[in-house]
2 protein chains.
Amino acid sequence: MMNELADLNAKLVKIFNDVRWVEERDLSKSSFADLSLRDMHTIEAISLDENQTVSQVAHTMCLSPGSMTKIIDKLVAHLYVTRMPSKTDRRITHLGLTEKGHAIFLEHLNFHQRMVQALTSDMNDHEIDAMLQGIANVQKFLNRK
Amino acid sequence: MMNELADLNAKLVKIFNDVRWVEERDLSKSSFADLSLRDMHTIEAISLDENQTVSQVAHTMCLSPGSMTKIIDKLVAHLYVTRMPSKTDRRITHLGLTEKGHAIFLEHLNFHQRMVQALTSDMNDHEIDAMLQGIANVQKFLNRK
DNA sequence: TCGAATATTTTCATGTTCGAAATAATTTTG
DNA sequence: CAAAATTATTTCGAACATGAAAATATTCGA
C-alpha cells in the first residue's frame, strides 16, 4: 500500500513535468511560436473575465505588477491583447483579448479538453466524482499551508 | 456532462498552479531558502539514481548540459551535491547528494507524500485504480504528441 | 597515431523576474 | 478647497536563468 502511493506520486511528478513540456513544445511549433507558456497562461487569465486590470491579472498569476506590465507590453505588441483605458478612473487600464488572442486561447483550451477527455475516458460517473473529491482534498491541504 | 469536464479542467489548472506556488513558497520559507524549485527538482532527479552524470540529469530534466552545469555549480557551492570524477573515464563526473542534500530531498518527499495522502484519503482501492488508469491514459495522450 | 565522438564547461546573447523609484490620477482629510 | 495619502501603472536596474555554440579534455576505433 505504501508502495502503491509512492508509485502514484512518481507518476504524478512525471505527468506534471510532461504536461508542461508538451505545452511548451506545442506552442513553439505552432503558428503562435512567439508565445511562451507564461504568455499563454496570462492570456488564459485575461480570458477568465474580460475588463480585468493589470494588477488583478498580476495577482491571479502571483506575479509583481512590474513583471505583468512587461508581459502585457509584449502581448499588446504581438496583437494578442488590448489595453483599454478606463473611462471613470484614468489610472486604470482594462485588459482584453483581440481576435488573435481568442484564437490561441481556444486552441490551448482544446488541448486541455482533450487531456481531460483522456483522463476520464475509462471512468464512470462515480469514479469521476471520487477523483473530484480527491482533488478537493488536495486543494484543502494546499490552502491550509 | 460537457460542463462537468470543463469544471474538472478548471480545477486541474488551478491545482497545478497552486502546487507549484506552495512548493516555491514553502522552500523560500524553509531552512533551505537558497534553493529554487528548479534546484529542488534537480536534487530530486539526482536522488533517483546515484552516480548519474551531468548529461543524464540534464536529459531527465529536459535541460541543456550547459544549463545543468550552472545549476550543479550552485548546488555544489551550497553543499547539497558532490561531484565525483569517474575513475575510468576522466571526461565524466558522477553526481551524488551530500547529507544536506538528502535532508532537503526527504523533506520535499514528505510534502509530496502528504499531498498524495490527501488525494487518496477518501478513495477505496478500486477508485485509486480508476485514477491510475486515467493517469496512464493522459500519459499515453502526451506521448503520442 | 589521427580523427571522430563524447562529456563537460565556458562564453555570449537573450529573456525573465523582482523591488524600488517615478509618474499619474484619484480619494481622503483637515 | 488644498494638502496629504492612497492607488494603479510603468520604468529602471540588478540578479538570475537559459540555450546555442565554441572551447577543452578525454576516449575510442580504424
Side-chain angles (χ1 to χ4, degrees), chain A residues 17 20-21 23-25 27-29 32-43 45-46 49-78 80-96, chain B residues 17 20-21 23-25 27-29 32-43 45-46 49-78 80-96:
Chain A
N17 293 335
R20 279 183 67 85
W21 189 82
E23 283 191 338
E24 238 155 39
R25 202 212 39 189
L27 258 184
S28 73
K29 306 255 184 216
F32 305 99
D34 55 346
L35 291 178
S36 70
L37 199 50
R38 172 72 84 201
D39 297 331
M40 187 61 243
H41 288 156
T42 304
I43 289 175
I46 292 173
D49 179 10
E50 297 276 322
N51 283 333
Q52 288 181 98
T53 67
V54 173
S55 301
Q56 284 173 325
V57 177
H59 180 258
T60 300
M61 301 193 58
C62 300
L63 282 182
S64 66
S67 304
M68 187 49 67
T69 291
K70 279 284 182 66
I71 298 174
I72 302 293
D73 283 348
K74 176 181 160 189
L75 290 177
V76 168
H78 288 57
Y80 293 98
V81 167
T82 49
R83 280 190 167 98
M84 302 172 294
S86 162
K87 289 178 179 170
T88 59
D89 185 337
R90 278 184 294 172
R91 292 171 303 180
I92 293 177
T93 60
H94 295 288
L95 300 174
Chain B
N17 293 335
R20 279 184 67 85
W21 190 80
E23 282 190 340
E24 238 156 38
R25 203 213 38 188
L27 257 185
S28 73
K29 305 255 183 213
F32 305 100
D34 54 346
L35 290 177
S36 70
L37 200 49
R38 171 74 80 207
D39 297 331
M40 186 63 242
H41 289 155
T42 305
I43 288 174
I46 292 173
D49 179 10
E50 297 276 323
N51 283 334
Q52 288 180 99
T53 67
V54 173
S55 301
Q56 285 173 324
V57 177
H59 180 259
T60 300
M61 301 195 57
C62 299
L63 282 183
S64 66
S67 302
M68 187 49 68
T69 292
K70 280 282 181 67
I71 298 174
I72 302 293
D73 283 349
K74 175 182 163 188
L75 291 177
V76 168
H78 288 57
Y80 291 98
V81 167
T82 49
R83 279 191 167 98
M84 301 172 296
S86 162
K87 290 180 177 166
T88 58
D89 185 338
R90 278 185 293 172
R91 292 170 303 180
I92 294 176
T93 59
H94 294 288
L95 299 174

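Numbered from 1 within each chain, the chains take letters A, B, ... in sequence-line order. These numbers come from the heavy atoms of this one structure, side chains and all, not from hydrogens, waters or symmetry mates.
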Inset, instruction - Kindly state each residue pair satisfying salt bridge (Lys or Arg N to Asp or Glu O under 4.0 Å) with at least one member in residues 52-73 of chain A, sequence neighbours excluded. - result: A/Asp73-A/Arg83
Inset, instruction - Scan A/Ser86 against the nucleic acid and name what it touches under 4.0 Å (heavy atoms): base, sugar-phosphate only, or nothing. - result: nothing
Legend entry - Non-neighbouring partners of B/Ser86 that pass side-chain hydrogen bond (donor to acceptor under 3.5 Å, both in side chains), sequence neighbours left out: B/Thr88
Legend entry - Taking every non-hydrogen atom, the tightest pair across A/Ser28 and A/Ala33: O-CB, 3.4 Å
Inset, instruction - Mind checking side-chain hydrogen bond (donor to acceptor under 3.5 Å, both in side chains) for A/Thr82 and listing every partner two or more places apart, or none if nothing turns up? - result: none
Legend entry - For chain A, the stretch of DNA chain D it reaches, first to last nucleotide, under 4.0 Å of its heavy atoms: D/dT7 to D/dG13
Inset, instruction - Enter the inter-axis angle for the ends of the helix from C/dT1-D/dA30 to C/dG30-D/dC1 (five pairs per end, rounded to 10°). - result: 10°
Legend entry - side-chain contact (heavy atoms from CB on, under 4.5 Å) against B/Ala45, all qualifying residues, sequence neighbours excluded: B/Val57, B/Thr60, B/Met61
Inset, instruction - Heavy atoms under 4.0 Å is the rule here; annotate nucleotides 7-25 of chain C 5' to 3' with B where the base is hit, S where only the sugar-phosphate is, and - elsewhere. - result: SSBB-----SBB------B
Legend entry - Contacts of type side-chain hydrogen bond (donor to acceptor under 3.5 Å, both in side chains), residue A/Gln52, not counting sequence neighbours: none
Inset, instruction - Sort and list the pairs that fulfil salt bridge (Lys or Arg N to Asp or Glu O under 4.0 Å) and have at least one residue in residues 55-64 of chain B, not counting sequence neighbours. - result: none
Inset, instruction - Only counting residues at least two apart or in another chain, list the ones meeting side-chain hydrogen bond (donor to acceptor under 3.5 Å, both in side chains) with B/Arg20. - result: none
Inset, instruction - Could you pull out all residues at least two apart from B/Asp49 that satisfy salt bridge (Lys or Arg N to Asp or Glu O under 4.0 Å)? - result: none
Inset, instruction - Sort and list the pairs that fulfil salt bridge (Lys or Arg N to Asp or Glu O under 4.0 Å) and have at least one residue in residues 32-43 of chain B, not counting sequence neighbours. - result: B/Asp39-B/Lys74
